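Okay, structure first, notes after.
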Amino acid sequence: MTDHFIEDKSTKVAVNLEGMEPKVDFNDLKTGGFIKQRQKDLFAVRLRCPGGRMSTEKLLEISKIAHKYSKKGVVHFSFRQSLEILYVDYKEFNSIVVELENIGQKVASCGPRVRVPTACGGCEYNPNGLTDTQKMSDMVDKKFFGTRTPHKFKTSFSGCPIDCARTKEMDLGFQGVVEPVWDEGPCTGCTICSEACKEDAIASHPESGKPIFDPKKCLYCGDCIRACPTEAWKPKRYGHIARVGGRHGRHPLEAIEVCKFLPDEKVPDAIHKTVEWYNANGRRGERIGLVLKRVGIKNYLDFMEPVFKAGSAPDWECAPQGVKP
Amino acid sequence: MSDIKAAASLDLRGVVCPINFVKAKLKLDMMETGEVLELVLDSGEPIQNVPKSIKEEGHKILDVKKEEGHFRLKIQKG
């Protein structure tokens with residue numbers, strides 16, 4: 001279950017570069033995001049692109065560098081949204097890294113550590129988006145990227161329940177949600193909310209047309225809020241469903257939902273404490289999903305309680321939405 | 001509310017998403033701010049999506065009437 005990258009301690013080579021003799025430590029290569037290719041001496045250089053977003057200006061500069069160093073003149077868009085420059089000769093690592101650094105582009109990493117977060121477009125321009133996934137993935141990249149963990153640790157941010165960023169397959173994933181609240185005053189009983197709800201969580205009263213809400217079916221996507229012509233449905237609070245312990249690969253695991261409405265400002269705490277728990281309980285080469293199976297989810301939830309209590313599920317008993325059936 | 005006078009009318013029954021929204025948008029683009037467009041939309045996907053998009057473009061939905069298998073909306077250009 002370990003990565004198939006270079007881990008041999010004896011593989012140090014000297015690289016001659018413009019008269020200098022900088023050392024390339026193959027142990028560092030994995031940390032540095034240099035991935036051995038089938039072809040002799042050639043590596044893929046993985047760039048660090050949190051949330052898969054990049055300014056066009058930087059993209060132009062990267063294109064020039066990729067064109068210069070890729071022996072085949074190709075890049076690959078990785079499954080985790082990072083650009084990989086293929087066919088780079090290891091003897092040129094130092095100069096490519098310097099050139100990339102000059103334009104403010106960092107190289108990513110592989111191995112047992114917190115990886116570059118992935119994210120969808122989020123609420124900035126995607127009409128479905130409920131959370132600012134790009135801002136969040138930027139934050140995670142700045143705060144946590146490269147933090148050592150027992151095995152790889154992948155995070156992602158989806159802005160809505162469509163979950164394009166596949167939070168259910170992450171070691172720790174965050175998916176945007178909104179809690180809807182209904183106000184009878186402005187409601188005209190037009191029934192659009194009931195039509196707009198894809199989960200059958202809103203029925204319409206046969207006479208008044210007003211919503212009859214079933215919270216058990218609600219996915220907190222906010223379609224009712226967006227569709228309502230009179231703003232009778234409003235957002236009460238936005239947050240993230242936190243999911244832990246997922247992964248894909250040979251033996252996929254579905255992440256477990258551990259928090260329903262985690263506010264933005266608690267996300268760093270949630271990651272920090274989860275990594276702390278993982279480092280304290282995980283064995284080398286063991287993904288957090290397997291640690292949770294071995295140690296038990298309760299142990300984790302007890303540890304996380306101070307953070308997750310900030311995002312408790314809505315108490316529909318106290319605040320029922322919509323008219324009674 | 002149903003007696004609001006519409007300056008224009010568009011029957012989008014049988015028109016699929018997102019063409020129905022694009023047609024509504026083109027029509028609204030040709031109208032003056034404050035004028036009202038009457039729109040007929042099928043139940044299902046069209047009524048799930050088009051009103052959301054119309055709101056997001058800054059127009060106001062003044063009235064919604066459910067009829068047999070479709071909806072009749074009055075949209076005020078924003």
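We name chains A, B, ... by the order of the sequence lines, and we start the count at 1 in each one. Source: prediction; values computed, not measured.
Crowding of Ile162(A) atom CD1: a count of heavy atoms from other residues, nucleotides or ligands under 6.0 Å not exceeding 12.
Of all the heavy atoms in Pro51(B) and Ala227(A), the pair that sits closest is CB-O, 4.3 Å.
Atom-to-atom distance recorded for Leu73(B):CG and Ile192(A):CD1 is 5.0 Å, nearest 0.5 angstrom.
Among pairs with a residue in residues 6-17 of chain B, those fulfilling salt bridge (Lys or Arg N to Asp or Glu O under 4.0 Å) read Asp11(B)-Arg13(B), at least two apart in sequence or across chains.
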Distance-only donor-acceptor pairs under 3.5 Å across chain B and chain A:
unit_1: Gln48(B); atom_1: NE2; unit_2: Glu195(A); atom_2: O; d: 3.2
unit_1: Lys52(B); atom_1: NZ; unit_2: Asp223(A); atom_2: OD1; d: 3.2
unit_1: Lys55(B); atom_1: NZ; unit_2: Ile225(A); atom_2: O; d: 3.1
unit_1: Lys55(B); atom_1: NZ; unit_2: Arg226(A); atom_2: O; d: 3.0
unit_1: Lys55(B); atom_1: NZ; unit_2: Cys228(A); atom_2: O; d: 2.6
unit_1: Glu56(B); atom_1: OE2; unit_2: Arg226(A); atom_2: NE; d: 2.9
unit_1: Glu56(B); atom_1: OE2; unit_2: Arg226(A); atom_2: NH2; d: 3.4
unit_1: Lys66(B); atom_1: NZ; unit_2: Glu195(A); atom_2: OE2; d: 3.2

